[in-house]
Number of protein chains: 2
Amino acid sequence: MRQGPTITTIAERAGVSIASVSRVLNGLPTSEATVRAVRVAAEELGYVPNSVARSLKSSRTNQVAFAMADIGNPTYVAMVRAMQPVLKDAGFRLILHSTDADIDDELDVLRRLGERYADGLIISPIRLTERHLEAFAEARAPVVVIGSVPDGTPVDNVRADSRTGLRLALDHLYALGRRRIGFVNGPLDTVPGAARARAYADALTELGLPHDPALIEIGDFYRADGAAATRRLLARTRPDALMCANDLIALGALDVLRAEGLRVPEDVAVVGTDDTDLAPVAWPTLTSVALGSAERGRRAAELMLDRLADGDAEPRVVTVEPRLVVRGSTKGTS
Amino acid sequence: MRQGPTITTIAERAGVSIASVSRVLNGLPTSEATVRAVRVAAEELGYVPNSVARSLKSSRTNQVAFAMADIGNPTYVAMVRAMQPVLKDAGFRLILHSTDADIDDELDVLRRLGERYADGLIISPIRLTERHLEAFAEARAPVVVIGSVPDGTPVDNVRADSRTGLRLALDHLYALGRRRIGFVNGPLDTVPGAARARAYADALTELGLPHDPALIEIGDFYRADGAAATRRLLARTRPDALMCANDLIALGALDVLRAEGLRVPEDVAVVGTDDTDLAPVAWPTLTSVALGSAERGRRAAELMLDRLADGDAEPRVVTVEPRLVVRGSTKGTS
DNA sequence: TTGTAGGCGTTATCAA
DNA sequence: TTGATAACGCCTACAA
């Protein structure tokens, strides 16, 4: 762990100037003899260029940051996993920020972009406030947002299509003869919670089903909250299907249905959202609306790379197609 | 996204020298008037210090890297999740490297430490070769390894205790009356595979159970491999319990047992390893040996911080205590 | 083709 | 208390 050599060290060793060393290292036209001398010296000393110095000169860090609420959430894991190879292949390192869905933390991350430790930021805020929009506008580096932002926001944007996604799920349930389709949602002041509430209502309308407030319950996006919300819902009405705003909520719903002696899917069909790795593990395996977490992550990384290549291009909006993955919780046994 | 102000900009605005600006910003003794002038100017211009320049000067990046095989693996997710707050609180950013268990990729990460983009590296290699050990010795920054390294390796080391962990599991199975305890392992040339193979053999010996090669099967660490391996094992013998080298393998085993019409745990009890988030989701819920992924991540981060604070301290070895989490796949219904 | 020198934004030393 | 100035390691005119 000795102090690493610099171009100065190499220059001395090779008996040339630091400029020549730099030229050789960057493949600029140099005499054969110099090239050899420098290469040998660099090799012998185990030279590795200092990326910090390089960054200071080039004002490029080759780092991209990703900020999300919680790396434990399988949705974000899928995003990170998909981003990684895209960024890596382009020579970028990935910095991870976990914000615990704390708004001040998120804003802090945006503000700190001014420190120029990263060339750009991909962020997936669970709530979207006025202050976020201001921060996006003032950001000192390109920002890509995963989750819908209002038109005109000066950032690239990757969106899920909850509307179509829930429509797919409700069509499926309708086709199976279900008419009392409950909805266990997350908090309405979150980006996904709000989107999914609208999507559920729209889908009901389009299917010509009545809007029954008794069929809607709200909790947080975790298993225990999903279970509690489902318990509250079952206490006052009897649905023949439950649409859940994410897979964790759906797992909680399965827990409660089982405890209540209700069969899934015979008595109550259950659909999750996000199609996480948990869905095929659950019992019964969980039908889930895949909103394309991995693809959203991949597309966000690609948008970032494009943006870094051309900072003046118009902000872009990319919408990822949802897909319904049918499993045992709505159909048959498995 | 205009060009950000530097201390030079502020110095001009405030009518002082850059030295004074730096002093104010770093809280060094300065006259009241200068402090005020600088603060006002910095505020008005929205100044944010450039971390790259700071790093060049201080040769500190305030970044720590973590290299693992695959961020999709729940074990690593647990580690990352636990590291994050420790590093963050200490003012460090976390860089993620996903190596796909590719040895050259891992060695590359180690070599690139010479670029000084991070102050240290936490690495969890799935295989450990001679070249790894050499690379550890030559690393240009502190390295913390998660997974046992030979004594004398000049790195801090966080270990799981597979031996005790498997012993806990086999004791549990033994106490339940199981005597033909099969073992579905991962590849023997991996760090966990090798450790768990030894641990299983030792536990059998200590329990006075015979070593029956027919009871051992090897696949890769994924669900499908676990299923295939279990199928091979069942084709030649009939265990009354299956110890699995990780939770994914155990899920595969559950799949096959169910398909074969064998009841879990009545006919065959199943135990996983790592106690990932999947264990409580599986059906039946999966008894699993918790090797403390989260704690290993946390401890690794702490060792790194200590090392960065005192580079000359002796290399440390930390072993994390295992714990058996009993669920439905070995006992009762749940 | 090569070397000298200036600068990227900070911090820190040294006189004044 | 303050300002001029020299690093940190690299890249790149510009001159030779």
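The chains referred to below are lettered A, B, ... by the order of the sequence lines, with proteins before strands, and numbering in each begins at 1. In this text, all values refer to a predicted model and were calculated from it rather than measured experimentally.
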Any residue of residues 24-33 of chain B with a heavy atom less than 4.0 Å from an atom of DNA chain D: B/T30, B/S31
Derivation and outcome, salt bridge (charged side-chain N to carboxylate O under 4.0 Å, His left out), residues B/E32 and B/R36: CA-CA 6 Å; B/E32 192 55 34; B/R36 208 169 5 242; 3.8 Å; yes
Distance in angstrom units between B/R23 CZ and C/dC14 P, rounded: 14 Å
B/I7 CD1 to C/dA12 C1', straight-line distance once rounded to whole Å: 11 Å
Straight-line distance of B/R23 CZ to B/I7 CD1, nearest 0.5 Å: 11.0 Å
Protein N or O to nucleotides 5-8 of chain D N or O, pairs below 3.5 Å:
| residue | atom | partner | partner atom | Å |
| --- | --- | --- | --- | --- |
| D/dA7 | N3 | B/K57 | NZ | 3.2 |

CA sep, side-chain torsions, deciding dist, call: B/V144, B/R307, side chain to side chain contact (heavy atoms under 4.5 Å, CB included): CA-CA 9 Å; B/V144 174; B/R307 171 66 48 194; 5.6 Å; no
Presence of B/S17 side-chain N/O under 4.0 Å of D/dA4 phosphate oxygens OP1/OP2: no
By salt bridge (charged side-chain N to carboxylate O under 4.0 Å, His left out) - contacts of B/R159 (at least two apart): B/D151
Side-chain N,O (A/R54) to OP1/OP2 (D/dC11) below 4.0 Å: yes
Nearest-angstrom distance from the residue atom OH of A/Y117 to P of C/dC8: 24 Å
Donor + acceptor pair across side chains of B/T61, B/D119 (<3.5 Å): yes
Sugar-phosphate only, base, or nothing, as touched by B/V16 at under 4.0 Å among non-hydrogen atoms: sugar-phosphate
Separation of C/dG3 P from A/E12 CD (nearest whole Å): 13 Å
Residue-phosphate contact under 4.0 Å: A/S20 side-chain N/O, C/dG3 OP1/OP2: yes
Length of the line joining A/E115:CD and C/dT11:P, which is rounded to integer Å: 11 Å
Short side-chain N/O contact from B/Y47 to OP1 or OP2 of C/dT10, under 4.0 Å: yes
Where B/V48 and A/G114 come nearest, the two heavy atoms and their spacing: CG1-C, 3.6 Å
Base C/dG9 paired with A/R116 side chain (donor-acceptor, <3.5 Å): no
With sequence neighbours excluded, residues passing side chain to side chain donor-acceptor pair (under 3.5 Å) with A/R111: A/D108
Rounded distance (Å) that lies between atom P of C/dG9 and atom CZ of A/R140: 13 Å
Residues in side chain to side chain donor-acceptor pair (under 3.5 Å) contact with A/E295, at least two apart in sequence or another chain: none
Qualifying residues under side chain to side chain donor-acceptor pair (under 3.5 Å), relative to B/S55, sequence neighbours excluded: none
